[in-house]
Every structure is written in C-alpha cells, then in structure tokens.
Amino acid sequence: MDDVTAILDHLNAAQREAVSAPQGNMLVLAGAGSGKTRVLVQRIAWLIQAEGLSPYAVLAVTFTNKAAREMRTRLEALVGTSLRHVWVGTFHSIAHRLLRTHWQDARLPQHFQIIDSDDQLRLIKRLIRENDIDDERFPPRQVQSFISGCKEEGLRPHQVNVHGDAYLGQMVELFDRYQLTCERGGLVDFGELLLRSLELLRDNPALLAHYQQRFAHVLVDEFQDTNTLQYAWLKLLTGMTTPMTVVGDDDQSIYGWRGARVENIRRFEREFPQTKTVRLEQNYRSTSAILEAANALISHNAERMGKTLWTAGERGEPISVYSGFNDLDEARFIVDTLRERVEEGVNRREIAILYRSNAQSRVIEETLIRQGVPYRIYGGHRFYERLEIKNALAYLRLLLNRDDDASLERVINVPARGIGTRTVELLRQRAREGSVSLWQALHDGLVDGALKGRAGTALQAFADLIDTLDNDGAGLALHEIIDHVIARTGLLEHHRNERGEKGQARVENLEELVTAARAFTQGDAFDAPEAGEGATALEAFLSEAALNAGEHEADEFEDSVQLMTLHSAKGLEFPVVFIAGVEEGLFPHRMSAEEPGRLEEERRLCYVGLTRAMRKLYLTHAEIRRLHGKETFQRASRFLREIPEEYLEEVRLRGQVSRPVTASRPTGLRQSGVNGGDDLPSLSLGQRVSHPVFGEGVILNAEGEGPRARVQVSFAGEGDKWLVLGFAKLTPL
DNA sequence: CTTGCGGCCTTTTTT
DNA sequence: AGGCCGCAAG
C-alpha cells in the first residue's frame, strides 16, 4: 500500500501506461501474448491502491467464467483478500445478479429459472408443432437464431420492423409466443438475462442512478467479442460518464457468427468521450519465427486497426509442416512426434492439438488411445449439458416450479411410463385453450375426468411422483434430494439398463451430479450474497448449473495432452502446438470461404491458433480425408501459402530430405493430384481447367482412378459438374 | 406406446 | 460415419 509504484515493476512502457493512466476512458489494444490479463489485473490494483477506489466501486466484466475466475485469482494473489468485494463476473452472471436482486422491478417471478440454448430450442420446436407451422420454412434452429438475434439487438417482438413481409411476420409471431411461454413458466434465456437487466436499469432511474454511483470504474475484457446488446448495456450502466477500461484485439475477433461486433472497438473509441488508446505490441509468448509467421498471415486481412507484434525473443525453430497421406497418417505423425517431445522431457500438458471442427478429434483420439497417451479433450458436451443430467435437472426444476413447461415436457415420459405423444399433445391443447401451464392442465384434466383410462392413470402416477418427491425433499440436504430424485424417478435404473458403455457412463454422471451437489453446498460457491430472499440451495444450484455448465472436467491433474478446437484455445498458450487439418474446405471452413468477411474471420482464427504456440509449432494436413463417411481429396490451406517460406520447413518421412515449402506449389499438392494416366492430363485439386463446352472452371473434388476417375469441376455460370476424366476433354490452365 | 428403419445433414461455442 | 427426425409396423 505504501509503495504503489511496485505495481508498475516489471512492466514495459506501454503496459505501465495502461495500468497507471489517469481515470478516463481507455482502450487497450492488446495483441496476443502481450500481457493483457496482467495489465487488467494490475490496473484494478492500481485503481484501488493508487487512485483510492473502494473495491466495491470496481466492476470487471469478462465473457467466460474461466476468465472471471482467473482474474479474481490473480487479483487476490496480487493484493490479498481485500479485493474480494470487487465485482468480477461474466456479462450474464452480473445480469443474473441484478435480476435476482431486483426481481420485482424486473417484473419477474422470484424464482425464475435460466434456460440454456438447448432448452430454448426444444421450447421453440414445441411451439412450431403446436401452431401447425411448416418447419421446412421455419426450421427451429433458424427461429432460435432469429429470436436470439433480436434480443442481441435489444429488440422485443413489437419493435421488429416487419415491412409487411409475411415471412418475417410469422417469425415475429413465433418470437411473441415464445416470449409468452417463457413469461408463463418464469423462464429466462441467455439473451433475456441481458435484455431484461438492461430494461430494468433503463426503466428504473433510481436504480440506474444507484448503480451508476456505485461503480466508479468499469473494466471489460475481450471487448471485440461484445455484441450490440452488451455494448448498449455498458453504455447505459456507465452513462458514458463512469470511466471505462476496455481491452481487446480486433485480430482475435472470432465470434462474429454469434453476434459479436468487432466494430464495437472503433465505436467505443468514437463514442465514449476522450478515449485514450494504448497498444500493447510486445509479445512475450512466442519465438520470433512463430510471431513473424502470424504477423504475415494476418496482414492478408484488410479490415484491421493496425498493430504489429514484435518480440525480443530468439528466432527459434521454424514451423514444421507435415503433409499426411491421409487423416490417419496425419494423426500418426502428430502422436509419434509428440511422443518424441515427451521423451525429450516436455510435459504432456504443455502440448496442445488444435483443430477447426470437433469431428476431427476422433481419429486423433483413437491414435492417442492406441498408443496409450493420456489426453484431455475440451469441448464437446459439457457436464451439465448431457442428456441424463439435463433430465435430472428438469425433475429438480419441476420440484421448484410445476409451471415450468419445458421441464415437464422433457421428463413426463422419461423414463417411459406410458405417456406418449398423443397424450402430451392433448395436454398441450388443453393448456393452450385454458391459457394455463401443462401442469395445471394435467391437474384440471384429472379432476374433471377429461383425462382417464390408461393415459389418465399414467398421468396421475406422474403427478403423484412429482408431489411425493417434493414432500420427501423437505429437510433433506441438497445432495440427498438429488440422490432421492434420480433413484425414485427411475432415471438411474433407466440408464443402468442401457446396454454398452454409454449407459454405464450415464449412471456415473448421475452419481457425479450428487457429488457435485454436495461439493456445491459445502464449497464457497454457495454464498450468493444477493441471491434474494428465500433462495434455496436447490435454486442456487440450478442457476449455477445453467450459467456455469462447463466446469466439470475430469482428470484435471493427470499430465495429459490437450485437445481442443481453435475457438476454445483462445486465451491459452502452450509450449508445443499442433494445428491439424490445415486444408481448404476445413480451414478455412467451406461454409466461410466464400464471403470475404467470414474468410477474414477464419484467418483471424488461424492467427489465434498460431499465436498459441510458445516454442514449437506444427501445421499438418492430409491429402485424403474421410469426411462424412466419404473419402475426399484435400488440398493444403491457402493460409499455409500466406506464411512466408522462410518460417516453414516441410517434414518428410524418415530417410527423405527435408526441403523448404514452395509458395507456388503448396505442400503435397503434387501427391494429391488426380493422375488420370499417361495419356490423360495430370490434374490437381484447385487447379483451373478448361472444357470445350462449359468453359473455364476449378477442380473441387475427385474420386476413382485411371480413365474412369471422376472430377467435380466448378464452372463459372454452369455450376458444379461431375465429369469422367476419360471422356471429358479437360485442359489444365 | 414403443421400436426400428430409412432419409437427411453435417462449423465454430459461451452464457 | 453418426446423430436426429419422422414414419410405419408391432
């Protein structure tokens, strides 16, 4: 406390400037590996210790729970426990906290529940079916993204401008009904958390004034990932007068596809008064070979704010490029190589294998398993998103709130108890007619005798089950309630009877849920100071599960190789990194390769991948890959060509000479070429060809060998065509 | 009501 | 290939 300048020790000039800048709006453009988190943490310490702000007056917002946790941990390590009152959290957890505290002003039931996107989708599917809407024209996923999109733009159904468009009108109608269903069930989706809390503040000037006064400084991490709603939320909360420190990197914006607006960085600079911009350009993570390669790659993007990373570190080894014969060979190379590195003394946890899409992990996993290499995989289904867990949670929600239609529908016949779609449909219809919840409709139907016979008996049994469970729960600890529920509902038995490992894993997961609940009540996660009156442990647990779905990662302490998508690697670093599947169509993904904007996002994703590596980077691709059950010829990614040769080194199999990668002919193209035979032209994927009838085109795909081989060619104006090499007169251009 | 078969589609993911 | 969905048979 005495010597606040100690906070500035070991910082470079730019970092020091960012940490100790006088209070005012500041934009920190922080390149990969430039000490971003460090600056953020030190900045908070500075604000409190040098500027004299109360910890209560500081709000720090992140995107992920992981980032929030890391920031808090580092803050506490730096300054001690006096900082535990700093508000650090994700946008969603902070919004949740506001809504829990001010549920009445937010016009929410006290025990509202948060639904995740999976629940949301189910609910939408139900609505579409219920209203006899053509799900071909209105695919549930599209409706879901429409609704989320509206909320992210801060729009309520009546605010959407339909322009007399019938299609849009129907969408809005569905949005409206969806919202009504949520209101009736006391359900709040992720977008709603933010929108509702924004409206709460906007419509309650006294409340807004309170929070504007309370927070003296607001800090935001990963600003390039904010969406329109989050931007508006910050604008409202700060009133553009509370000073803000925002940290971001436009080159690492990889979430445009889910609403993130990179422009928010520029907008902030423009709209918030007297914004000071600081660039952190010195990289402390990677060798210069890796960093220069990344710089060269990203320079191919046009839309940039301009920033060039440099490092004082050594050049290091060149980036190794391996061209596998097929995906199995690629995996074999990765695993062999990493085993060599491990033998040299590298810890397995220091090695990461990154890929564009989850489907790629399978082959690599199989190879790792075969060779007995322990690995840990991030992503895929998180614990609280698994089917069996969601079923158990749905029962628990029903205990708290019988009117939660989504949960009721989820488990009314799980495990199967003779309540089929017909019966559920009848229930839905009655609920709709009476404008009541499904539970209410069920009850009324049993009372007035409309639901009888076999279905009636089954429904009665279900209703009794829920009520009994509720009664039994009185006086029990949280984990005992859950234990009781999974046993009494038959969920445990249901999965035990499932054959194979899958059922076994599900049973274990259910048991793990009980353990998690025990830990939850005993741990400090359950201190929820502002969780509101009468908040039960169960309620808090359910919120935690919805908001914090990914916490469960097994074997955290075993030294294992890390597997994850490029997206989930953001923010992490590893001494040794493999990026697999660096191929056209996969990376950049074909869904994104067409549009320039989306291609640039793919390139940023590649940039993120490259800059994860500290010492050694491997880029691998396969010439033939099994994709969706079919063998496809792949050609090397354009991103490989965008990295100057001088940083690359092609890996050849043992005994072969290694030669530099040439820019004109990317690795492996020769091998991946379709050789039509001696008298046929030698063609390669991606090559431009000319056809006497169709004109000029590009080879997209190929299958078979010899004269009967077929190639798929994309002709300008003629579209894609499959041609047999022996007949089609194709001339290479 | 349950089960099994065939057709369809296939990024990325946090909250 | 594999998961999901809808449909038809048991």
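Just so it is clear: chains get the letters A, B, ... in the order the sequence lines come, proteins before strands, and each one is counted from 1.
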Exercise. Tell me: CD1 of A:Ile147 to C1' of B:dT15, nearest whole Å?
Worked result: 17 Å

Exercise. With a non-hydrogen cut-off below 4.0 angstrom, is A:Asn413 in contact with a base, only sugar-phosphate, or nothing?
Worked result: sugar-phosphate

Exercise. Is A:Ser117 side chain donor-acceptor paired with the B:dT15 base, going by distance under 3.5 Å alone?
Worked result: yes

For this session: Determine yes or no for a side-chain-to-main-chain donor-acceptor pair under 3.5 angstrom, with A:Asn65 supplying the side chain and A:Ser93 the backbone.
Result: no

Exercise. What is the distance from CG of A:Asp119 to P of B:dT15, rounded to the nearest Å?
Worked result: 16 Å

Problem set entry | Flag for A:Lys151-A:Gln179: side-chain donor and acceptor within less than 3.5 Å | yes

Exercise. Given that A:Thr64 and A:Ile419 both sit by DNA chain B, which one's nearest nucleotide is further toward the 5' end?
Worked result: A:Ile419

Seminar exercise, completed: So ring pair (Phe, Tyr, Trp, His ring centres under 6.0 Å) across residues 114-137 of chain A, not counting sequence neighbours, yields none

Problem set entry | Distance test, side-chain N/O of A:Thr565 to OP1/OP2 of B:dT13, below 4.0 Å | yes

Exercise. A:Leu547 has an atom CG; how far is it from atom C1' of B:dT15, in whole Å?
Worked result: 6 Å

Exercise. Does A:Asp327 use its side chain to pair, donor to acceptor, with the backbone of A:Arg626 at less than 3.5 Å?
Worked result: yes

Exercise. How would nucleotides 2-10 of chain C be written as a contact map, 5' to 3', with B for base contact, S for sugar-phosphate-only contact and - for no contact, using protein heavy atoms under 4.0 Å?
Worked result: ---SS----

For this session: Give a yes or no on whether the backbone of A:Leu229 and the side-chain of A:Glu152 come within a donor-acceptor separation of less than 3.5 Å.
Result: no

Exercise. For the ring pair A:Trp103 and A:Phe112, is the centre-to-centre distance below 6.0 Å?
Worked result: no

For this session: Look at the side-chain N and O atoms of A:Asn227 and state whether any lies under 4.0 Å from the OP1 or OP2 oxygen of B:dT15.
Result: no

Exercise. B:dT13 P sits how many Å from A:Lys66 NZ, rounded?
Worked result: 12 Å

Exercise. Taking atom C1' of B:dT15 as reference, at what distance in whole Å does atom CG of A:Leu98 sit?
Worked result: 15 Å

Problem set entry | A:Leu586 CG to B:dT12 P, straight-line distance once rounded to whole Å | 10 Å

For this session: Would you please confirm or rule out a distance under 4.0 Å between OP1 or OP2 of B:dT15 and any side-chain N or O of A:Asn65?
Result: yes

For this session: Determine the interplanar angle of the A:Tyr255 and A:His567 rings, folded into 0 to 90°, and report it as parallel if under 30°, tilted if 30 to 60°, perpendicular if over 60°.
Result: tilted

Exercise. Would A:Tyr384 and A:Arg386 count as having a side-chain donor-acceptor pair, cut-off 3.5 Å?
Worked result: no

For this session: Summarise how protein sits on nucleotides 3-11 of chain B as a single string, 5' to 3': B when a protein heavy atom is under 4.0 Å from the base, S for sugar-phosphate-only contact, - for no contact.
Result: -------BB

Exercise. Whole Å only: how far is the CZ atom of A:Arg141 from the C1' atom of B:dT13?
Worked result: 12 Å

Seminar exercise, completed: Here the distance between atom P of B:dT2 and atom NE2 of A:His494, to the nearest Å, is 11 Å

For this session: Could you tell me whether A:Lys570 and A:Glu222 have a side-chain N and a carboxylate O separated by less than 4.0 Å?
Result: yes

